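Encoded as structure tokens, the structure appears first; notes follow it.
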Number of protein chains: 2
Amino acid sequence: MSKTTEDVLGHQFSAFYKIPIEKFFQFAVSVDCIILGYHENNVKLLVVERGTEPHKGKVAVPGDLVYPAEDMDAAANRVLKDLTGLENVYMTQSKAYGQVDRHPIGRVVTVGFYSLISVDRYQPLASSWADNVYWVDVKELPPLAFDHQTIVQNALEDLKERVKLQPIGFELLPKKFTLGEMQKLYEAILDTEFDKANFRKKVLSMKILEDTSEMQKSVAHRPAKLYRFNKEAYRALENTKEGFNL
Amino acid sequence: MSKTTEDVLGHQFSAFYKIPIEKFFQFAVSVDCIILGYHENNVKLLVVERGTEPHKGKVAVPGDLVYPAEDMDAAANRVLKDLTGLENVYMTQSKAYGQVDRHPIGRVVTVGFYSLISVDRYQPLASSWADNVYWVDVKELPPLAFDHQTIVQNALEDLKERVKLQPIGFELLPKKFTLGEMQKLYEAILDTEFDKANFRKKVLSMKILEDTSEMQKSVAHRPAKLYRFNKEAYRALENTKEGFNL
DNA sequence: ACAAAAGTGTTATCGCTACACCCATGT
DNA sequence: ACATGGGTGTAGCGATAACACTTTTGT
């Protein structure tokens with residue numbers, strides 16, 4: 001005789017608790033990767049053009065079903081790696097989506113992850129589908145397949161909050177960057193403007209930037225100092241009551 | 001012939017893309033409800049004692065498998081309602097957990113939700129398992145079944161951040177409360193102390209509290225004014241650049 | 001009278017805002 | 001010479017922290 005939820009779970013909350021346990025193991029789980037980059041003062045999203053139905057021709061966020069013997073986080077990292085070749089990239093979970101009818105092929109619960117990649121680390125892969133992958137500006141998103149519009153919006157909201165409290169913005173910058181570039185990045189993410197003098201003072205007062213003794217070159221204005229994010233200094237800051245605060 | 005992931009998804013990221021689609025629909029999805037209350041200056045967690053293996057005798061956070069035709073959010077609300085009788089309660093998603101081996105009965109991805117309930121709304125249900133449900137202090141958590149320890153910790157971290165930016169603390173208070181009670185609540189959640197004078201000034205300056213013209217009664221000290229959270233006033237505050245801020 | 005918590009006022013300080021100004025480079 | 005962005009100083013304002021003090025109740 002088949003086990004029921006009551007047998008297995010040891011408790012039950014619904015009137016239908018005598019349902020055979022097998023009925024519940026009919027879900028698929030997918031991960032969707034909101035891969036964000038930063039280029040020319042704009043935050044970019046990596047999208048894939050769909051080659052087949054449903055939503056053929058539309059673009060979607062890269063994602064895949066989680067394998068039966070694969071950790072969910074691993075699946076997200078796999079998708080990212082297969083697409084960009086990148087590993088050990090900042091990635092964090094955003095939200096799970098579990099509407100019954102959200103996917104046409106069946107009951108698929110998806111979990112959104114977003115990762116931040118530095119443009120100078122990313123080399124487009126020469127894979128069979130390189131033609132179908134491209135960056136779009138998050139300020140001008142095209143229509144996306146499935147519920148990806150919502151997933152992306154939520155991830156961007158998440159990012160806006162998190163970027164103020166954790167030093168994740170640096171993931172989007174080259175290793176060496178100027179304060180001006182950093183400011184433009186934060187302005188792009190948060191969709192605001194900062195006073196230059198005040199922004200620098202705030203950032204420098206956190207003492208998490210290290211002065212590389214290098215300068216910008218060949219720019220049509222006074223060259224800026226290049227800084228580097230100092231992880232150790234950040235650890236120290238974390239343990240103060242101020243902490244990182246945009 | 002059976003469809004494969006390639007047929008269905010329109011793209012593929014792994015070397016194993018010719019796997020029949022059925023292989024992926026073997027997951028179960030569950031919801032776990034971190035139900036938090038507040039009593040006598042302490043934040044409390046509702047736990048259920050498990051009657052069967054695995055983890056028989058241990059306490060766990062209430063949860064259940066999501067039904068094949070049920071929205072995930074609906075499942076979380078169902079668990080809460082069946083357990084407490086409460087509906088329309090503040091509930092928000094915390095995080096999804098997708099480790100392969102996290103559950104002994106099979107591949108179960110779980111999503112943690114937390115809800116905040118006011119002790120004066122909650123009436124324990126006279127159900128068959130009322131004996132097995134009780135509140136524990138979050139400062140003195142007993143060992144929990146499965147990975148519930150982690151799930152609860154993460155939810156509490158989440159709460160700490162969110163409670164500073166959104167007026168969700170009021171969900172844990174009675175409809176009418178004193179500023180002292182409110183202060184104690186925030187101190188309990190955030191595990192800090194506030195200066196009484198400064199706390200009141202900050203809270204009152206937000207103008208989201210309404211003075212009921214009532215007072216505390218039968219207390220062995222000067223009776224305090226009773227306030228009520230004013231949702232409309234909060235909406236107004238939301239649209240200012242200050243907004244709600246602890 | 002005393003304890004206990006409510007409730008108020010003051011001061012000093014810190015951080016943030018706004019804005020003015022100078023500097024170095026390429027064209 | 002000029003445009004462009006880098007880089008700095010300061011004055012004023014507002015929020016916050018620290019602390020002292022008064023008020024009202026029950027015992």
Side-chain angles (χ1 to χ4, degrees), chain A residues 38-42 163-165 173-174 176-188 190-228 237 240-246, chain B residues 38-42 163-165 173-174 176-188 190-228 237 240-246:
Chain A
Y38 176 67
H39 192 52
E40 289 169 350
N41 294 344
N42 288 116
V163 82
K164 285 194 260 190
L165 302 170
L173 290 171
K176 297 171 187 173
F177 53 87
T178 70
L179 288 178
E181 288 166 353
M182 179 173 168
Q183 182 179 341
K184 290 281 185 237
L185 168 67
Y186 275 83
E187 288 176 341
L190 296 170
D191 200 25
T192 43
E193 295 198 352
F194 295 105
D195 177 275
K196 184 182 25 150
N198 298 333
F199 183 84
R200 332 183 114 236
K201 271 177 286 194
K202 193 161 186 176
V203 170
L204 292 176
S205 75
M206 291 196 270
K207 299 190 188 304
I208 54 173
L209 293 191
E210 191 172 28
D211 192 340
T212 75
S213 38
E214 295 174 59
M215 301 290 254
Q216 260 182 330
K217 289 208 173 83
S218 325
V219 284
H221 54 74
R222 176 173 172 178
K225 280 187 178 175
L226 289 171
Y227 290 90
R228 189 189 353 247
L237 177 67
T240 66
K241 83 165 161 28
E242 287 83 22
F244 183 90
N245 201 302
L246 160 76
Chain B
Y38 176 66
H39 192 51
E40 288 169 352
N41 294 345
N42 288 114
V163 81
K164 285 193 260 190
L165 302 171
L173 289 171
K176 296 171 189 175
F177 53 87
T178 71
L179 288 178
E181 288 165 353
M182 178 174 169
Q183 183 178 340
K184 291 278 185 241
L185 168 67
Y186 276 83
E187 288 176 342
L190 296 170
D191 200 24
T192 44
E193 295 199 351
F194 295 105
D195 177 274
K196 183 180 28 146
N198 298 333
F199 183 84
R200 331 183 116 236
K201 270 176 285 195
K202 193 161 187 176
V203 170
L204 291 177
S205 75
M206 290 196 271
K207 301 190 186 305
I208 54 172
L209 294 190
E210 191 171 30
D211 192 341
T212 75
S213 38
E214 296 174 58
M215 301 290 257
Q216 259 183 330
K217 290 210 174 80
S218 325
V219 283
H221 54 76
R222 176 172 172 179
K225 280 186 179 177
L226 290 171
Y227 291 89
R228 191 191 350 249
L237 176 68
T240 68
K241 84 165 163 24
E242 287 83 23
F244 184 89
N245 202 303
L246 165 76

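No hydrogens, no waters, no symmetry mates; every other heavy atom, side chains included, goes into these values. Letters A, B, ... mirror the listed sequences (proteins, then strands); counts begin at 1. Predicted, not measured: the structure shown is a model, and the values here were computed from it.
- Atom CG of A:L204 sits about 5.0 Å away from atom CG of A:L179, to the nearest 0.5 Å.
- Within a 6.0 Å radius of NE2 in B:H221, more than 12 heavy atoms belonging to other residues, nucleotides or ligands are found.
- Within a 6.0 Å sphere centred on CD of B:E210, heavy atoms belonging to other residues, nucleotides or ligands number more than 12.
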What string of B, S and - do you get for nucleotides 19-27 of chain D, 5' to 3', when a contact is any protein heavy atom under 4.0 Å?
B---BBBS-
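- Here the C1' atom of nucleotide D:dA15 and the CZ atom of B:F199 are 16 Å apart, to the nearest Å.
- We find that CD of A:E193 is positioned 19 Å from P of C:dC16, with the value rounded to whole Å.
- Atom NZ of B:K202 and atom P of D:dA15 are 11 Å apart (whole Å).
- We find that CZ of B:F194 is positioned 15 Å from C1' of D:dA18, with the value rounded to whole Å.
- Every side chain to side chain contact (heavy atoms under 4.5 Å, CB included) that A:N41 has, sequence neighbours left out, goes to A:Y38, A:K184.
- One can place CE of A:M182 at 14 Å from P of D:dG7, the figure rounded to the nearest angstrom.
- Between the NZ atom of A:K184 and the P atom of D:dT4 there is a distance of 13 Å, rounded to whole Å.
- Side-chain N or O atoms of B:T178 include none that pairs as donor or acceptor with a backbone N or O of B:A224 at under 3.5 Å.
- Distance CG (A:D211) to C1' (D:dG7): 13 Å, rounded to an integer number of Å.
- Residue pairs satisfying the ring-ring contact (aromatic ring centres under 6.0 Å, His included) criterion with at least one member in residues 191-219 of chain B, sequence neighbours excluded, are listed as follows: B:F194-B:F199.
- Rounding to whole angstrom units, CZ of residue A:R200 and C1' of D:dG5 are separated by 10 Å.
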